[in-house]
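This report refers to the structure that appears directly beneath it.
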There are 2 protein chains.
Amino acid sequence: MARAPRLGPYICGIDAALDVVSGKWKGLILWELDAHGVRRFAELRRGLPGVSEKMLTQHLREMETDGLVHREVYAEVPPRVEYSLTEHGRTLNRALAPLGAWGVERIRREGHETVDAAEPSHL
Amino acid sequence: MARAPRLGPYICGIDAALDVVSGKWKGLILWELDAHGVRRFAELRRGLPGVSEKMLTQHLREMETDGLVHREVYAEVPPRVEYSLTEHGRTLNRALAPLGAWGVERIRREGHETVDAAEPSHL
DNA sequence: CAGCATCCATAAGGATACTG
DNA sequence: CAGTATCCTTATGGATGCTG
């Protein structure tokens, strides 16, 4: 099953925003889709080293429900499904930019380990 | 025990930033401390309706470890402890502002329920 | 290819009682 | 006042196998 419909009320805007980006891969999914415009399931999977099929599917479904991601299914054999960001997804991604910059600073400051992405860098 | 020292490497800045604000009350703790400058344990508790002592203590300790919060203990009877933000805490809070604004928009858009804060509003 | 179903391990959060 | 300690429930994420 997916995420339960969030029981209590939100306390503030941060709370409401964090609710839709919390999840191990959601920030990265947002980044991938924003960078490439459109991605198929398998492409997305390759872009997120270590993600399981289950988690990728689950996160994509939740983000679809939250109005961040658009899912386009083509009735072909073999099946093809393309994911892209909605306008809300794009604005969220822009709102996340300063946070990402802060995070990069934190990594640099504390000398955390990072992964080497095949594509140049998300940093 | 508190949070484990985070096993894997960070994938991107968002990832590294989310790691320190994930936790049911952390965004709000940041907000409270930024708004008031200095808060005692009990004041903080009143500002976070519904938080348990355990979670508040735990979150504060993690945020201290992450260099976001400063904890000042006064050797008095009865004991007094004051919490405030470090410079890193303040910059994080600023980086969170656009996300908070996005969240407020989302609440408005989707008609989510919110709590009525005693103090004017976190929204 | 793009998934769904099932089972399982760990992490996050909460309730309650007690203390320097 | 400002916490600890303990026990318990739920949420999150992962492994594996199967399917239209």
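So you know, we letter chains A, B, ... as the sequences are listed, proteins then strands, and number each from 1. These numbers come from a predicted model, not from an experiment. Atoms considered below: every heavy atom in the structure, side chains included; atoms not considered: hydrogens, waters and symmetry mates.
Atom P of nucleotide C:dA12 and atom CZ of B:R61 are separated by 18 Å, given to the nearest angstrom. One atom, CZ of B:R45, and another, P of C:dG14, lie 12 Å apart when rounded to the nearest Å. With rounding to whole Å, B:Q58 atom CD is found 8 Å from C:dG13 atom C1'. As a whole-Å value, the separation of A:M55 CE from C:dC4 P is 13 Å. D:dT6 atom C1' lies 9 Å from atom NZ of B:K54, rounded to whole Å. The separation between A:L48 atom CG and D:dG14 atom P is 11 Å, rounded to whole Å. C:dC1 atom C1' lies 12 Å from atom CZ of A:R71, rounded to whole Å. Going from atom CG of A:L44 over to atom P of C:dA2 covers 10 Å, rounded to whole Å.
Residue contacts shown for B:Y74 are absent, as no nucleic acid heavy atom lies under 4.0 Å away. At a threshold of 4.0 angstrom between heavy atoms, the contacts of B:S52 with the nucleic acid are absent.
Each of B:E53 and B:H59 lies near DNA chain C, and the nucleotide nearest B:H59 is the one positioned closer to the 5' end.
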side-chain contact (heavy atoms from CB on, under 4.5 Å) between A:L92 and B:R106, intermediate numbers included: CA-CA 10 Å; A:L92 173 58; B:R106 169 167 127 88; over 6 Å; no

Derivation of the side-chain contact (heavy atoms from CB on, under 4.5 Å) call for A:W31 and B:I14: CA-CA 9 Å; A:W31 192 93; B:I14 302 285; 5.9 Å; no

Evaluation steps, side-chain contact (heavy atoms from CB on, under 4.5 Å), between B:N93 and B:L68: CA-CA 10 Å; B:N93 211 33; B:L68 306 177; over 6 Å; no

Worked check of side-chain contact (heavy atoms from CB on, under 4.5 Å) between B:V51 and B:H59: CA-CA 11 Å; B:V51 73; B:H59 280 168; 5.7 Å; no

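Closest to the side chain of A:P79, from the set C:dA2, C:dC4, D:dG3, is C:dA2.
Residues B:V77 and B:V81 do not share a hydrophobic cluster, clusters being chains of Ile/Leu/Val/Met/Phe/Trp/Tyr side chains in contact below 4.5 Å. Both A:L60 and A:V73 belong to a single network of hydrophobic side chains, linked directly or stepwise wherever heavy atoms of I, L, V, M, F, W or Y lie under 4.5 Å apart.
Distances shown here put every side-chain N or O of A:R80 at or beyond 4.0 Å from the OP1 or OP2 atom of C:dA2.
From one end of the helix from C:dC1-D:dG20 to C:dG20-D:dC1 to the other, with five pairs defining each end axis, the axis direction shifts by 50° (rounded to 10°).
Taking B:R108 as the reference, B:E105 meet the salt bridge (charged side-chain N to carboxylate O under 4.0 Å, His left out) condition, with sequence neighbours excluded.
Of the listed residues (A:R71, A:R90, A:H36, A:H70), just one forms a side-chain contact (heavy atoms from CB on, under 4.5 Å) with A:S84, and that residue is A:H70.
Using a 4.0 Å cut-off on heavy atoms, the residues of residues 17-25 of chain B that approach DNA chain C are B:G23, B:K24, B:W25, listed by number.
A donor-acceptor contact shorter than 3.5 Å links the side chain of B:T91 to the backbone of B:H88.
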